[in-house]
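What follows is a set of notes on a single structure, which appears directly below.
Atoms within each ligand, like the ligands themselves, are counted from 1 in listed order.
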Amino acid sequence: MYAQMIKTARSGLKSHAEMSDQERDFQDRIDRDIKIEPRDWMPDDYRATLIRQIGQHAHSEVVGQLPEGNWITRAPTLERKAILLAKVQDEAGHGLYLYAAAETLGVSRDELIGLLHEGRMKYSSIFNYPTLNWADIGAVGWLVDGAAIINQVALQRTSYGPYSRAMVRICKEESFHARQGYHAIMKMAFGTPQQKKMAQNAIDRLWFPALMMFGPSDAESVHSEQSMAWKIKIKSNDELRQQFVDQTVPQIEYLGLDLPDPGIKWNDTTGHHDFTDPDWQEFFDVLKGNGPCNTDRMRDRVKAWENGKWVRDGLMAHASKKATSQAAAE
Ligand code: BYC
């Protein structure tokens, strides 16, 4: 169903005059901050945009388990292992809330997962970078979850009710994720010279990929204008990226480490930090499937899906048996 919708999705903003009466009423509800619920009428493109964004978001949560899950068996202490295990389980839960929110739009989870596996849906570019050592796990929690929260706090006010409510819950868990990441990196920054070096190295490799998580610049963003008019997105890619930089600079200063960008400096005129853009060519290459880990991530996800078939079949058989015996008893 969704595969068909994306083929017909229209691009470009409709003027008030171009809208039908129904579309004008819909836009009016959005403008008055009234949430849109699953049974409400909505334009097909609004539905398709939400399915794309929520689906991509759900896939990111699930694929995002891989780089961190890789370190559960190698966590340096029992406490760190328990924390990481809980975090990775939380990501599965986030995926579940989001797939459930997407299902309220009439698309099945199987279809979304099928599209991901065929390479027709995306997941966040950040998860195509490797986690090479323990310091990377701290940096992921601090920078990657930190970037995700900034985006998701804004999305709590998104116009689609089920997405907005999923975000409220996810944000609560994400703040624990970011804090545990900062705590792990802080231990290393204030640890031995070798630990400090590892922490710096992780930040050097993950800083620019973390900036890319907010998407292309506003000038290059294809969907922002319409998504902001529909309040699917509340803040633009560049606004959120700037917020992340402003939030992170004092945190890195406290750690006594550096961001790998000599261009970062406070600007009195704008009231924000200036910073260097990531390499956008690299970003678009990663999106095309040419990042360091794209192939591994998809191979691992497809394998996990295939290996989990017997569990899904068992659950379906149990549910149908239960439904039959319930019907017979009535
Ligand atoms: N990566 O017009 P634009 C987490 C695509 S997971 C990949 O600006 P939009 C975590 C975009 O899809 C948190 N693709 O798009 C989990 C579009 O391509 P298509 C994940 C990207 O949608 C586990 C094209 O580029 N968070 O925290 O208006 C462990 C043009 O872009 C990316 C979310 O998903 C990217 N970074 O804005 C640890 C938040 N950026 O579809 C942590 C929800 C752009 O036309 N999503 N593209 O082929 C959003 O807020 C928005 O979708 C974005 C992009 C800001 C990401």
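Distances from atom 3 (P) of ligand 1 to the heavy atoms of Gly69, Gly95, Gly55, Ser221 show the closest one on Ser221. Residue Glu91 holds the heavy atom nearest to atom 29 (C) of ligand 1 of all those in Glu61, Glu220, Glu91. Residue nearest to atom 54 (C) of ligand 1, selected from Glu225, His223, Lys233: Lys233 (by heavy-atom distance).
Electrostatic pairing of Asp33 and Lys231 counts as a salt bridge here, judged by a charged N lying under 4.0 Å from a carboxylate O. Under a 4.0 Å N-O distance rule, the pair Asp21/Arg24 qualifies as a salt bridge. A salt bridge does not link Asp145 to Arg179: none of the charged side-chain nitrogens sits closer than 4.0 Å to a carboxylate oxygen. Contact check on Glu118 versus Arg120 returns a salt bridge, with a Lys/Arg side-chain nitrogen under 4.0 Å from an Asp/Glu carboxylate oxygen. In this structure, Asp136 pairs ionically with Arg205, as a charged nitrogen and a carboxylate oxygen lie closer than 4.0 Å.
Close approach of ligand 1 to Leu287 (heavy-atom distance below 4.0 Å) involves ligand atoms 1 (N), 5 (C), 7 (C), 14 (N), 25 (O). Which parts of ligand 1 touch Tyr163 is read off a 4.0 Å heavy-atom cut-off, strictly below it: atoms 43 (C). Atom numbering of ligand 1 starts at 1 in the shown order; those under 4.0 Å from a heavy atom of Met212 are 36 (N). The contact set between ligand 1 and Phe214, taken as ligand atoms under 4.0 Å from a residue heavy atom, comprises 55 (C). Each of the atoms 27 (O) of ligand 1 lies under 4.0 Å from some heavy atom of Glu174.
Residue contact annotation: Ser124 has a non-hydrogen atom under 4.0 Å from ligand 1. Residue contacts with ligand 1 include Lys87, since one of its heavy atoms falls under 4.0 Å from the ligand. Using a 4.0 angstrom heavy-atom cutoff, Met121 does not count as in contact with ligand 1.
Across all non-hydrogen atoms, the minimal contact from Leu259 to Val249 is CD1-CG2, 4.2 Å.
Taking Ile, Leu, Val, Met, Phe, Trp and Tyr as members and joining any whose side-chain heavy atoms lie under 4.5 Å apart, directly or through other members, the hydrophobic cluster of Tyr129 also contains Met212, Trp280, Phe283, Phe284, Val286, Leu287.
Using a 4.0 Å threshold on non-hydrogen atoms, atom 16 (C) of ligand 1 counts as touching the protein. Atom 39 (C) of ligand 1 is approached by the protein to below 4.0 angstrom, counting heavy atoms only.
Using a 4.0 Å cut-off between heavy atoms, Ser60 contacts ligand 1 through both its backbone and its side chain. Residue contacts with ligand 1 for His177 are absent, since no atom lies close enough (heavy atoms, distance under 4.0 Å).
For Lys187, the NZ atom sits in a loose shell: 12 or fewer heavy atoms of surrounding residues, nucleotides or ligands are nearer than 6.0 Å.
Cation-pi geometry between Arg312 and Trp305 is satisfied (NZ or CZ under 6.0 Å from the ring centre, within 45° of the ring normal).
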Worked verdict on Arg32 versus Asp28 for salt bridge (charged side-chain N to carboxylate O under 4.0 Å, His left out): CA-CA 6 Å; Arg32 288 190 290 135; Asp28 183 53; 3.2 Å; yes

